[in-house]
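To keep things clear, I will list the structure first and then write my remarks on it.
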Amino acid sequence: EPVKVQTKKNATTSTFTSTIDTTKFDDGPKVIWFKAKDKMGTSGLYSYLMYVDNTKPDVKILFPEEKQEVNGIFSVSGYARDEVGLESLSWQLGKESGEFDLAIGNPWWVKTFDIRGEKTSSLELTIKAVDLSGNVSIDKYKIPVNQAADLPIVQLIKPSLKEVFYGDTISFNGIITDDDGVQSLFVSIDGK
């Protein structure tokens, strides 16, 4: 393409400005050639090697799976990769946000969150990857929160619901389950 040059009167140097829309090229190395002619008809050549990168990073949240409820302390994990390399990888969950430390050659990331005590039915998780060319990818979705699922579950096996007692003592038998382990059990009858 011809490029307009700006030359001051009687100057031996000229300037030029040109733009190239790299989105019209496939990704990969490209050579731009510059050919200049002087007023005597001789030519000079210059080449410039560039790498076109129009592809956004590949970023994906793998765990927890969509619609999988979380509670208490939980982890999220996934990957972010790019042919050219990543400039940054950040996360946001609710009001919290931060950056992941990037390791060359390792696309995997993991982050543990503590939402104990938060009263919400869902949180929006966002992972944002920016590659060295400035291309941006975002993966996000709402994570359902069920704080009650983090509570210990008590099941009474004995006595049965309509059992009648005779005598001075009543025996109780049951099961307590919790993914964090069981620490203790308290029994109260009519608040005492």
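These numbers were taken from a predicted model, which means no experiment stands behind them.
Taking NZ of K60 as the start and OG of S77 as the end, the distance is 12.0 Å to the nearest 0.5 Å. For the atom pair OG1 (T7) and CZ (F16), the distance works out to 11.5 Å, reported to the nearest 0.5 Å. If you take CD1 on I143 and NZ on K140, they are separated by 13.0 Å, rounding to the nearest 0.5 Å. In this structure, OG1 in T55 is found 7.5 Å from CG in D82, a value given to the nearest 0.5 Å. How far OG1 of T112 is from CZ of F74: 9.0 Å, rounded to the nearest 0.5 Å. Atoms CZ and CG, on F113 and L125 in that order, are 6.0 Å from each other to the nearest 0.5 Å.
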- Item | Residue pair I157, I175: steps toward the side chain to side chain contact (heavy atoms under 4.5 Å, CB included) verdict | CA-CA 7 Å; I157 295 173; I175 299 172; 3.5 Å; yes
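Looking at heavy atoms from C-beta onward, I61 lies in side-chain contact with Y141 at the 4.5 angstrom threshold. The closest side-chain heavy-atom distance from T126 to I138 is below 4.5 Å. Two residues are said to be in side-chain contact when any heavy atoms from C-beta on lie closer than 4.5 Å; F63 and V110 fail this criterion. Between K142 and L123, the closest side-chain pair of non-hydrogen atoms is not below 4.5 Å. Residues I32 and Y46 fail the side-chain proximity criterion, which asks for heavy atoms closer than 4.5 Å. The closest side-chain heavy-atom distance from V145 to S121 is not below 4.5 Å. Q147 has its side chain within reach of I115: a pair of non-hydrogen atoms, C-beta onward, lies under 4.5 Å apart. The side-chain heavy atoms of S90 and I127, taken from C-beta on, include no pair separated by under 4.5 Å.
Using modelled atom types, one side-chain atom of D38 and one backbone atom of T42 make a donor-acceptor pair closer than 3.5 Å. Between the D101 side chain and the A103 main chain, no donor and acceptor come within less than 3.5 Å of each other. Judged by distance alone, the side chain of N54 and the main-chain N or O of T22 form a donor-acceptor pair under 3.5 Å.
Under 3.5 Å, the side chains of S133 and N135 contain no donor-acceptor pair of N or O atoms.
Residue V76 is not grouped with residue I73 when hydrophobic side chains (ILVMFWY) are merged at heavy-atom distances under 4.5 angstrom, including chains of intermediate members. In the hydrophobic clustering of ILVMFWY residues, with side-chain heavy atoms under 4.5 Å counting as a link, V59 and L102 come out together. One hydrophobic cluster, built from ILVMFWY side chains closer than 4.5 Å, cannot hold both W33 and Y48; they sit in different ones. Using a 4.5 Å cut-off between side-chain heavy atoms of Ile, Leu, Val, Met, Phe, Trp and Tyr, with links allowed through other members, V52 and L86 fall into different hydrophobic clusters.
Screening D139, L89, V136 for a side-chain contact (heavy atoms from CB on, under 4.5 Å) with K128, the sole residue that qualifies is V136.
Residues W108 and F100 keep their aromatic ring centres 6.0 Å or farther apart.
More than 12 heavy atoms of other residues, nucleotides or ligands sit less than 6.0 Å from atom CD of Q6.
Considering every non-hydrogen atom in both K111 and W91, the closest pair reads CE-CZ2, 3.4 Å. Of all heavy-atom pairs between E83 and Y51, the closest is CG-OH, 3.9 Å. Between Q68 and P144, the shortest heavy-atom distance links the atoms O-CD, 3.6 Å. Across all their heavy atoms, F172 and P159 have their closest contact at CD2-CD, 3.6 Å. Taking both residues in full, the closest heavy atoms of D131 and E87 are given as O-CB, 3.6 Å, listed atom of the first, atom of the second, then distance. Summarising the geometry of V130 relative to P57, their closest heavy-atom pair is C-CG, 4.3 Å, with the distance given to 0.1 Å.
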